[in-house]
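As a basis for the values below, the full set of heavy atoms in this structure was taken, side chains included, without hydrogen atoms, waters or symmetry mates. Below, read A as the first sequence line, B as the second, and so on, with proteins coming before strands; counting in each chain starts at 1.
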2 protein chains.
Amino acid sequence: MTDARQASPRRAEILAAAADLFARRGFHGTSIGDLGGALGLTGPALYRHFRGKEAVLAEMLVDISERLRDEGVRRAAASDASAALDALLDWHISFALDNPALITVHERELDNVPEPQRHQVRRVQRAYVEEWVAVLRRLRPDEPEPRIRAAVHACFGLLNSTPYSATGLSRPAMAELLHAMGRAALCC
Amino acid sequence: MTDARQASPRRAEILAAAADLFARRGFHGTSIGDLGGALGLTGPALYRHFRGKEAVLAEMLVDISERLRDEGVRRAAASDASAALDALLDWHISFALDNPALITVHERELDNVPEPQRHQVRRVQRAYVEEWVAVLRRLRPDEPEPRIRAAVHACFGLLNSTPYSATGLSRPAMAELLHAMGRAALCC
DNA sequence: GAAGCTTGTTAACGACCGTTAACATCTGAC
DNA sequence: GTCAGATGTTAACGGTCGTTAACAAGCTTC
């Protein structure tokens, strides 16, 4: 019962609290007691909802990577490659600005995900990257593919820097800035 | 004797091994035993050279931030603002490509540095950012400063993405790509 | 060659961690 | 009203961690 994918309000609360704690203190820096305490519970209560600490992280990363890819596939389908790139940028930026903790955990904690979920997350991440690469190949057909792939990774680094820069910019201003920078970086 | 800043070959070895381990597994994911073992020693041997685990991290981050800033100050002094920006980009990129582990630790583990070194690192980091901001203000005087500062942080995210993208690009090709992307992103 | 400093070792400490067991309470179904 | 399931608690487990203590071996100096 604590095993499979079963949406319950408690599970969602735990995942939200875990995202915040894992982002702020890291997976190894967060104890089960901390995690329960953030919800007004004791540590062992979490075992009613998850098989263990690693299972919380695993479900979190699987969910993030699939959300990014699923919507990425949709956005990349635009017939105009330039519009598709804009749509991908908008999607990734809005996700990063809405979920800074998730972006941080997704970026840092993959190595702590147990198999087989780690392999699954890697596969889904790769599929998401390939959506970007495919759009850019349409946009700049003369560019060698390894260079495009490296550029996409670097662009993610740019867009994902959001959580760390506690800047004085409003959210729309930040979104616009990241879009312009990402676009310029990819099309340089 | 184990206290102050005293360069010894052993200390440098420990710092190098710690950079690698902290980057790969995180500060909390690395034990003193792991760290000693990486050098063919036992854990407690490290206490002959450092006051404790946190002291290793603290010295590492203070050193990184000061190296970045010191050379940053030099590069930013070029009379031509555009040349200064190129020089800053070249510096940061070469540092990141030469020291991927240091860049990773510097980016992720500041919260685990004890006071007062954490405050010191923050101050030096801020000074490094200000070198970039000052150059960009000369280059684009009409741009509001908060936007410039946010752009610099985003650019660091781009340049620091190096360690995660184990790409098929050669080092010169990667350096050239990052330079072009960073320059385009900042001047968009 | 004795003394002392440096740099290691092993053994042991107290604390904390992830997890499990045993038990309590509440809720809904019949 | 009772039973069963879901969801919480406290207590206890084995393991690991950072750190310290006690001791040993090698080098340098006089």
Side-chain angles (χ1 to χ4, degrees), chain A residues 1-61 105 109 111-115 117-118, chain B residues 1-61 105 109 111-115 117-118:
Chain A
M1 79 200 68
T2 144
D3 182 13
R5 198 69 49 84
Q6 190 174 328
S8 91
R10 225 3 159 199
R11 282 176 72 87
E13 282 176 358
I14 293 170
L15 285 166
D20 184 58
L21 285 171
F22 291 170
R24 291 215 320 263
R25 307 188 211 164
F27 178 73
H28 288 302
T30 304
S31 75
I32 287 283
D34 293 338
L35 187 43
L39 297 164
L41 304 175
T42 60
L46 300 184
Y47 289 82
R48 299 292 170 197
H49 305 278
F50 289 92
R51 196 186 279 281
K53 191 184 168 190
E54 285 185 331
V56 177
L57 180 68
E59 181 160 329
M60 194 185 314
L61 286 210
V105 175
E109 305 290 359
D111 288 345
N112 293 313
V113 175
E115 296 292 4
Q117 286 101 325
R118 180 163 61 209
Chain B
M1 75 199 71
T2 145
D3 184 11
R5 198 69 50 86
Q6 188 174 328
S8 92
R10 231 350 166 204
R11 283 176 70 88
E13 283 177 356
I14 293 170
L15 285 167
D20 184 58
L21 286 171
F22 291 170
R24 290 213 323 263
R25 307 187 211 166
F27 179 73
H28 288 301
T30 304
S31 75
I32 287 282
D34 294 338
L35 187 42
L39 296 165
L41 304 175
T42 60
L46 301 184
Y47 289 82
R48 298 292 170 200
H49 305 278
F50 289 91
R51 194 185 280 281
K53 193 183 166 190
E54 286 186 329
V56 177
L57 181 68
E59 181 160 330
M60 195 184 312
L61 286 209
V105 175
E109 305 289 0
D111 288 345
N112 293 314
V113 175
E115 296 292 3
Q117 287 101 326
R118 180 164 59 208

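- In this structure, CG of A:L57 is placed 15 Å from C1' of C:dG18, rounded to the nearest angstrom.
- As rounded to whole Å, 14 Å separates atom P of D:dG8 from atom CD1 of A:I32.
- Of all nucleotides listed (C:dT7, D:dT9, D:dG18), D:dT9 comes nearest to the side chain of A:R48.
- Note: CZ (A:F27) to C1' (C:dC17) measures 12 Å, nearest angstrom.
- Distance B:L41 CG to C:dT6 P: 18 Å, rounded to the nearest Å.
- With rounding to whole Å, A:Y47 atom OH is found 17 Å from C:dA22 atom P.
- Heavy atoms of A:T42 sit under 4.0 angstrom from at least one base atom.
- Heavy atoms of B:T30 sit under 4.0 angstrom from primed sugar atoms or phosphate atoms, though from no base atom.
- Rounded to an integer number of Å, the gap from NZ of B:K53 to P of D:dT20 is 14 Å.
- Between A:L46 and A:L35, the closest side-chain pair of non-hydrogen atoms falls below 4.5 Å.
- Here D:dG18 presents its P atom at 9 Å from CG of B:L35, a figure rounded to the nearest Å.
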Would you give me the side-chain donor-acceptor pairs under 3.5 Å for residues 36-43 of chain A, sequence neighbours excluded?
none

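- Rounded to whole Å, the distance from CD on A:E54 to C1' on C:dT19 is 12 Å.
- Side chain of B:E109 to backbone of B:F27: a donor-acceptor contact under 3.5 angstrom is found.
- The shortest distance between the side-chain N/O atoms of B:R10 and the OP1/OP2 oxygens of C:dG8 is below 4.0 Å.
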> Please walk me through it: do A:R10 and A:R48 pass side-chain contact (heavy atoms from CB on, under 4.5 Å)?
Replying inline: CA-CA 10 Å; A:R10 225 3 159 199; A:R48 299 292 170 197; over 6 Å; no
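- Position along DNA chain C of the nearest nucleotide to A:G43 versus B:G43 favours B:G43 as the more 5'-ward residue.
- When atom types are taken as modelled, the side chain of B:R118 and the backbone of B:D111 share a donor-acceptor pair closer than 3.5 angstrom.
- The side chain of A:P44 has C:dT20 as its nearest neighbour among C:dT20, D:dG18, C:dG8.
- Candidate nucleotides D:dT19, C:dT7, D:dC17 were compared by shortest atom distance to the side chain of B:H49, and C:dT7 ranks first.
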